[in-house]
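One structure is given here, and the rest of the page talks about it.
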Amino acid sequence: MELHIRGVSKTYANGVQALRDVTLTIPAGMYGLLGPNGAGKSTLMRTLATLQEPDTGTIHLGDVDVVAQKDAVRQTLGYLPQEFGVYPKVSAEELLGHFAILEGITARAARRSVVEALLRRVNLWDVRKQKLGGFSGGMRQRFGVAVALLGNPTLMIVDEPTAGLDPAERVRFLNLLSELGESSVVILSTHIVEDVSELCTRMAIIERGEILLEAEPLRAIDGLKGRIWRRVIERSALAGVEREHAVISTKLLAGRTVVHVYGDTLPAAGFEPVEPDLEDVYFSTMAGHHGRRHAQP
Ligand code: ADP
């Protein structure tokens, strides 16, 4: 199963162009869509989830035309939006049972066993009798995964899932997602680089509606070897360094400023080479040193 997105563009009524000629091929497995807030991730995720239509372009999931055959997509789609409402006074077990009925699992015994298997899988079995209103953010997200999994989706769309989760919840949630990505297409949209580096075998970087890079994270990191340089400076020296060098990121570390600079050779005395990571890929791509903008025609 592969998802093919070809030339997809979208401009909202207010004139904001949220997607510009997006073309991506997404194989089975975990795929990361990485970009800052406002980049167009949710617009693309909602379009894939058949909740809105592109102005131009085509989307195919295997043989299915996602724009024209919405019902066929919905039968095989699991969608976990950024935030979803739950009925606060209902227990996890009751609500999942209710969604199972909507999925057509009407026989009581079959429904019980499906609900039990899913609640165990997302590690909510022990709290199945608790009301959803008392669930933490992470528990709620895992409940969302259980709902999304009810239909055995071949396309699973997860939009900004880790925003607002504490570190332990985040790890638990990412582990759960990583089990899904074996036979189906799982797309994870996020602005958090670690979400992608920990989980995804393929990824794209999007900014202002445009795909800047489509890559395998490990290869993209390899491609930056020997090109990332680091220097620890005083904050007051930052403006000068930024004027003279291609600074891709700055970070505070124990009160001092660590700058990463892109360059084919040692930028200046005082810099040292660093092993690149996915954050360097992300920031150098956003700064225009890497990726499609930079590619030879
Ligand atoms: P992301 O998910 O990466 O944060 P979005 O797809 O939500 O990005 O938004 C992309 C751009 O489109 C932003 O500039 C946003 O303000 C705008 N946008 C999103 N939804 C709408 C809408 N329904 N109407 C008008 N503009 C929108």
Side-chain angles (χ1 to χ4, degrees), residues 3-26 30-59 61 66-67 70 73-74 77-85 137-138 140-141 144-145 148 153 155-165 170 173-174 177 185-200 202-215 217 220 248-249 278-279 281-288 290-293:
L3 183 68
H4 292 271
I5 303 169
R6 295 278 169 269
V8 165
S9 294
K10 172 75 187 178
T11 301
Y12 285 109
N14 62 0
V16 172
Q17 187 170 10
L19 297 174
R20 298 166 197 256
D21 197 15
V22 169
T23 292
L24 292 171
T25 299
I26 303 182
M30 292 284 305
Y31 193 96
L33 182 70
L34 180 63
N37 287 332
K41 301 183 298 296
S42 290
T43 300
L44 185 58
M45 297 297 101
R46 286 197 304 263
T47 306
L48 298 178
T50 74
L51 299 174
Q52 62 183 67
E53 291 193 3
D55 298 333
T56 57
T58 60
I59 304 169
L61 177 65
V66 172
V67 181
K70 292 193 178 59
V73 177
R74 286 172 192 163
L77 171 77
Y79 175 54
L80 185 59
Q82 269 176 42
E83 279 173 29
F84 53 96
R140 225 178 263 205
Q141 287 288 35
V145 172
L155 174 61
M156 177 92 172
I157 290 172
V158 191
D159 198 0
E160 298 265 6
T162 61
L165 300 191
R170 178 175 166 274
F173 184 76
L174 293 181
L177 280 190
V185 175
V186 183
I187 307 176
L188 171 71
S189 115
T190 183
H191 63 275
I192 300 169
V193 177
E194 286 82 16
D195 285 354
V196 174
S197 59
E198 287 166 20
L199 281 184
C200 300
R202 292 193 62 84
M203 65 175 290
I205 294 175
I206 184 169
E207 190 199 16
R208 290 182 212 187
E210 203 184 334
I211 302 297
L212 302 183
L213 179 76
E214 196 183 1
I248 57 166
S249 65
L278 199 61
E279 211 162 88
V281 170
Y282 181 53
F283 289 119
S284 63
T285 301
M286 301 272 289
H290 193 68
R292 285 187 188 171
R293 272 189 204 154

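Just so you know, ligand 1 is whichever comes first in the structure, and atom 1 is the first atom listed for that ligand. Heavy-atom basis, side chains included; hydrogens, waters and symmetry copies ignored.
- Scanning the protein for heavy atoms near atom 25 (C) of ligand 1, the closest one is Asn14 ND2, 3.2 Å.
- Residue contacts with ligand 1 include Arg46, since one or more of its heavy atoms lies under 4.0 Å from the ligand.
- With hydrogens and angles disregarded, a donor-acceptor distance shorter than 3.5 Å links the side chain of Lys70 to the backbone of Val67.
- For the pairing with Tyr282, the side chain to side chain contact (heavy atoms under 4.5 Å, CB included) check across Ile248, Val193, Leu212 returns one residue only, Val193.
- There is a protein heavy atom less than 4.0 angstrom from atom 27 (C) of ligand 1.
- The option with the heavy atom closest to atom 5 (P) of ligand 1, from among Thr190, Thr43, Asn37, Leu34, is Thr43.
- Looking at Thr47, Asp159, Val16 and measuring to atom 14 (O) of ligand 1, the nearest heavy atom belongs to Val16.
- Checking Arg6 against Thr25 by side-chain atom types alone, a donor-acceptor pair falls below 3.5 Å.
- Heavy atoms of Ser189 stay at 4.0 angstrom or farther from ligand 1.
- Taking distance alone, with nitrogen or oxygen atoms compared against 3.5 Å, Ser42 approaches ligand 1 more closely than that limit.
- Within ligand 1, counting atoms from 1 as listed, the ones closer than 4.0 Å to a heavy atom of Ala39 are 1 (P), 3 (O), 8 (O).
- The number of heavy atoms from other shown groups lying within 6.0 Å of CZ (Arg46) is above 12.
- The ligand atoms of ligand 1 that sit less than 4.0 angstrom from a heavy atom of Pro36 are 3 (O).
- Contact detail for Asp159 and Ser189: the closest heavy-atom pair is OD1-OG, 2.6 Å.
- Distance remark: protein heavy atom not present below 4.0 angstrom from atom 16 (O) of ligand 1.
- Within the listing of ligand 1, atoms 1 (P), 2 (O), 3 (O), 4 (O), 6 (O), 8 (O) sit less than 4.0 angstrom from a heavy atom of Lys41.
- Contact record, Gly78 with Pro153: N-CB, 3.3 Å, taken as the closest heavy-atom pair.
- Side chains of Thr50 and Tyr79 form no contact here, defined as non-hydrogen atoms less than 4.5 Å apart.
- Residue Gly40 has at least one N or O atom closer than 3.5 Å to an N or O atom of ligand 1.
- When hydrogens are left out, the protein atom nearest atom 19 (C) of ligand 1 is Tyr12 CE1, 3.5 Å; that is the closest non-hydrogen contact.
- In this structure, Gly38 is part of the shell of residues with a heavy atom less than 4.0 angstrom from ligand 1.
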Candidate pair Val158 and Met156, rule side chain to side chain contact (heavy atoms under 4.5 Å, CB included), full reasoning: CA-CA 7 Å; Val158 191; Met156 177 92 172; 4.0 Å; yes
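- Between Met203 and Pro217, the closest heavy-atom pair is SD-CG, 3.8 Å.
- Taking any N or O of Ala18, backbone or side chain, none lies under 3.5 Å from an N or O belonging to ligand 1.
- Counting heavy atoms from C-beta outward, Leu48 and Met45 have side chains that approach closer than 4.5 Å.
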